[in-house]
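Only heavy atoms go into these numbers, but all of them, side chains included; no hydrogens, no water, no symmetry mates. What you see is a predicted model; the values in this text were computed from it and never measured.
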Amino acid sequence: MQVRFAPSPTGALHIGGARTALYNWLLARGQDGTLVLRIEDTDRERSTPENVEQILDALRWLRLDWDEGPLFQSQRAQRHAEVVAQLLASGHAYRSTATAEDVRAYKQRLGAERGFRAEPEREGAVRLRVPDSGATSFDDVVRGLTSFPNSSQDDPVIARADGSALYNFAVAIDDLDAGITHVVRGEDHVSNTPKQLLVFAALGADPPRYAHLPLLYGPDGRKLSKRHGAASVQELRAVGYLPEAVDNYIALLGAGFAADREHFTLSELAERFRLERVSKNPAVFDERKLRHMNGEWLRELPVDELTHRLEQYTGRTELRSAVEISREKIQTLADFWPLVSFLFDGPVEDQQAFDKVFRRDGAVENLVAARDALAQVEPFGVAEVEKALRGVVERRAAKPANVFQPLRVAIAGTTVSPGIFESVAVLGREQTLRRIDGALARLKGAQPEG
RNA sequence: GCCGCUAUCGUCUAGGGGACUAGGACGCCGCCCUCUCACGGCGGAAACCCGGGUUCGAAUCCCGGUAGCGGUACCA
């Protein structure tokens with residue numbers, strides 16, 4: 001089995017394109033097939049080295065590797081030209097100067113469902129001669145038998161007047177030469193398939209199997225785009241998603257697995273993946289579900305590994321203890337820093353939280369009591385801190401929240417943070433006491449002398 | 001217009017003639033856990049596009065309608 005994937009080199013790896021790449025990967029890896037990476041660049045302007053490198057980088061980030069490639073179609077211009085000449089000689093193709101305008105006029109005259117046929121000329125673009133009768137059909141692995149009447153098919157242009165090959169032609173020749181057995185691509189390519197099939201037919205060659213994947217939509221039912229937030233895997237990466245979660249989530253969008261389980265690694269996915277099970281319906285990309293899955297994957301990562309990724313993501317170091325106490329509370333890498341920055345950069349400024357918490361009766365006294373207790377704790381570990389603080393709650397006969405929340409605001413600046421005992425322990429005695437004193441001083445300044 | 005395709009909770013899906021009072025997940029609502037936020041647990045609301053067939057029996061098969069989508073380039 002020879003599988004190929006051919007992302008178009010626009011720089012961004014669209015999420016739909018990523019899913020296509022993933023399905024190709026799953027197909028090849030599940031069957032020990034060969035995976036060929038190809039850059040479909042008969043449009044020279046888009047396939048800049050930078051764009052290509054960005055695509056490759058996104059693919060690597062998703063842990064998708066390939067066996068051969070990347071191969072550029074432009075590298076094969078010579079071969080394409082040879083086949084064009086061959087087809088011209090055999091009469092399967094002809095030159096014509098007909099324009100899109102002419103095609104329209106033709107249909108106006110003979111009916112919209114009539115495929116365009118031109119008279120051969122000495123110059124112009126090269127068109128493939130489509131049979132007048134019969135149909136070009138193929139058994140799509142995901143959608144079943146698909147058929148196009150030849151009579152309604154225009155003679156497709158396979159090479160420009162300057163001799164350069166067009167996509168639908170080049171891609172067929174490349175598939176043929178590479179011995180590709182399976183072509184898995186987006187549904188927007190179905191109507192290209194008969195054109196490519198006709199090329200194989202003209203050459204008397206066996207075409208590969210085709211499988212067309214349903215498209216991915218945004219929440220509004222339209223094609224997924226930047227309007228919907230993240231639309232490329234680069235953007236997903238930037239906002240803190242894990243490659244494991246992205247792979248897992250996009251694989252599920254139409255893979256047709258039984259729904260008893262949804263959490264899969266790449267290799268588990270490859271084991272289960274069946275091309276013929278892929279859904280025919282388009283799916284809506286739901287970032288909320290991705291977030292949820294990302295949280296699961298995040299919590300599953302060993303602390304050291306998570307720490308490593310968060311240090312890369314934030315550009316900070318020495319994050320391990322902060323990671324330990326916050327990993328239950330975050331869903332993406334981006335959620336991390338806002339939750340724990342107070343540990344490193346001091347309490348955040350949140351006057352509202354401050355006012356709200358210290359307006360409660362006994363809040364200030366509870367904070368003072370907590371300070372006294374904490375000053376005595378030895379060693380300054382989580383268990384000891386907890387014991388001391390619970391002692392305060394008991395002695396003052398207070399509701400736990402009335403002791404813990406003032407303390408939390410004192411050390412973190414806000415009412416939301418990791419567990420209070422853990423946070424205090426990570427902060428250490430000196431910092432904790434200093435911050436409590438800071439809060440106390442601030443309170444005094446706010447309301448002098450009762 | 002023409003060519004092609006699709007149709008189960010808001011979303012992703014299971015379902016391939018009786019096991020369907022239609023299952024799971026995300027989201028939403030309620031309760032529990034609880035120092036906040038989360039995590040976790042329990043419970044709830046929520047769907048077979050419409051109309052005809054076929055059949056003893058249809059979410060499942062067929063036809064029609066409707067709706068949506070893709071393509072319609074000397075782009076990829």
Write down the distance separating the C1' atoms in rC50(B) and rU66(B), rounded off to the nearest Å.
7 Å
With rounding to whole Å, what would you report as the distance between rC12(B) and rC48(B) at their P atoms?
16 Å
What I want to check is whether the side chains of His292(A) and Gln331(A) have a donor and an acceptor closer together than 3.5 Å.
no
5'-most contact on RNA chain B: Arg299(A) or Leu145(A), nearest heavy atom basis?
Leu145(A)
If you check every side-chain atom of Leu253(A), which of rC12(B), rC75(B), rU6(B) has the closest atom?
rC12(B)
Take atom CG of Asp345(A) as the centre, draw a 6.0 Å sphere, and report whether it contains more than 12 heavy atoms from other residues, nucleotides or ligands.
yes
Distance col, row Thr20(A):OG1 vs Ile15(A):CD1, nearest 0.5 angstrom, shows 12.0 Å
Phosphate-side-chain proximity, Arg104(A) and rU72(B), N/O vs OP1/OP2 below 4.0 Å:
no
For rU11(B) versus rG4(B), give the span between their C1' atoms, rounded off to a whole number of Å.
27 Å
For atom CZ of Arg38(A) and atom C1' of rA76(B), their distance in whole Å:
13 Å
Taking N and O atoms by type only, does the side chain of Lys329(A) place a donor or acceptor under 3.5 Å from a partner on the base of rC39(B)?
no
Same-atom distance (C1') from rU8(B) to rA22(B), integer angstrom:
8 Å
Tell me what Asp154(A) touches on the nucleic acid: a base, only sugar-phosphate, or nothing, going by heavy atoms under 4.0 Å.
nothing
Could you check which of rC5(B), rC26(B), rC74(B) has an atom nearest any side-chain atom of Glu187(A)?
rC5(B)
Any side-chain to backbone donor/acceptor pair from Arg277(A) onto Gly256(A)? Under 3.5 Å, distance only.
yes
In the structure shown, which nucleotide is the Watson-Crick or G-U wobble counterpart of rG30(B), with both distances under 3.5 Å?
rC42(B)
Indicate, with yes or no, if the rings of Tyr217(A) and Phe285(A) have centres closer together than 6.0 Å.
no
Rounded to whole angstrom units, what separation is found between the CG atom of Asp188(A) and the P atom of rU6(B)?
16 Å
When all nucleic acid strands are considered with a 4.0 Å heavy-atom cut-off, which category describes Thr415(A): base, sugar-phosphate, or nothing?
base
Closest to the Pro149(A) side chain, choosing from rC69(B), rC74(B), rC3(B)
rC3(B)
Pairwise P distance for rU60(B) and rU21(B), with rounding to whole Å
15 Å
For the side chain of Leu166(A), counting heavy atoms from C-beta on, which of rC74(B), rC5(B), rC12(B) is nearest?
rC74(B)
Rounding to a whole Å, what distance do you find between Arg109(A):CZ and rG1(B):P?
23 Å
Ring centres within less than 5.5 Å and planes less than 30° apart: is that true of His189(A) and rA76(B) in this structure?
yes
Quick check for you: among rG4(B), rC5(B), rC74(B), whose closest atom lies nearest to any side-chain atom of Phe148(A)?
rG4(B)
Is any side-chain N or O of Arg127(A) closer than 4.0 Å to OP1 or OP2 of rC74(B)?
yes
Categorize Gly115(A) for me: base, sugar-phosphate, or nothing, with a 4.0 angstrom heavy-atom threshold over every strand shown.
nothing
Of all the nucleotides listed (rG27(B), rA76(B), rA25(B)), which has the minimum atom distance to the side chain of Tyr167(A)?
rA76(B)
May I ask you to say whether Glu324(A) pairs ionically with Arg320(A), meaning some side-chain N is under 4.0 Å from a carboxylate O?
yes
Starting from C1' on rG4(B), measure out to OH on Tyr210(A) and report it in whole angstrom.
16 Å
Atom-pair distance (CG on Leu197(A); C1' on rC3(B)), nearest Å:
16 Å
In whole Å, what separates the C1' atom of rG53(B) from that of rG17(B)?
15 Å
Who is the Watson-Crick or G-U wobble partner of rA19(B), with both distances under 3.5 Å?
none
To the side chain of Val284(A), which of rA76(B), rU11(B), rC26(B) is closest?
rU11(B)
Between rA76(B), rC26(B), rU6(B), which nucleotide gets closest to the side-chain atoms of Pro282(A)?
rU6(B)
Partner lookup for rA25(B), please. Criteria are Watson-Crick or G-U wobble with both distances under 3.5 angstrom; report none if nothing qualifies.
rU11(B)
Side-chain atoms of Ala112(A) come closest, of rC2(B), rC74(B), rC12(B), to rC2(B)
Without decimals, in angstroms, what is the distance between Leu215(A) CG and rG4(B) C1'?
14 Å
When you measure from the side-chain N and O atoms of Arg185(A) to the phosphate of rG70(B), is any distance below 4.0 Å, counting only OP1 and OP2?
no
With sugar-phosphate meaning primed atoms plus P, OP1 and OP2, does Ala161(A) contact a base, only sugar-phosphate, or nothing at under 4.0 Å between heavy atoms?
base
Aromatic ring proximity Phe5(A)/Tyr23(A), centre distance under 6.0 Å
no
Note: for Arg390(A) and Ala125(A) on RNA chain B, the residue whose nearest nucleotide lies more 5' is Arg390(A)
Please measure how far the C1' atom in rG65(B) lies from the corresponding atom in rU6(B), and state the result in whole Å.
15 Å
Between the CG atom in Leu198(A) and the CD atom in Gln153(A), the distance rounded to the nearest 0.5 Å is 6.5 Å
Sugar-phosphate, base or nothing in reach of Phe421(A), heavy atoms under 4.0 Å
base
Hey, does Gly111(A) reach any base, or is it just sugar-phosphate, or nothing, if we go heavy atoms under 4.0 Å?
nothing
Whole-Å distance, Lys280(A) NZ to rC12(B) P, equals 16 Å
Pairwise P distance, rA25(B) and rG41(B) [rounded to whole Å]:
10 Å
For Ser147(A), which contact category applies under a 4.0 Å heavy-atom criterion: base, sugar-phosphate, or nothing?
sugar-phosphate
Would a line drawn from the ring center of Phe257(A) to the ring center of Phe264(A) be shorter than 6.0 Å?
yes
What is the distance, rounded to the nearest whole Å, between atom CD1 of Ile15(A) and atom C1' of rC12(B)?
14 Å
Over all strands shown, is Val157(A) touching base, sugar-phosphate only, or nothing at heavy-atom distances under 4.0 angstrom?
sugar-phosphate
Under-4.0 Å side-chain N/O to phosphate OP1/OP2 contact, Asn281(A) with rU6(B):
no
Counterpart base for rU72(B), defined by Watson-Crick or G-U wobble contacts under 3.5 Å:
rG1(B)
Students often get this wrong, so: under 4.0 angstrom with heavy atoms, is Leu252(A) touching a base, only sugar-phosphate, or nothing?
sugar-phosphate
Residue Glu328(A), side-chain atoms from C-beta onward, closest of rC74(B), rU36(B), rC39(B):
rC39(B)
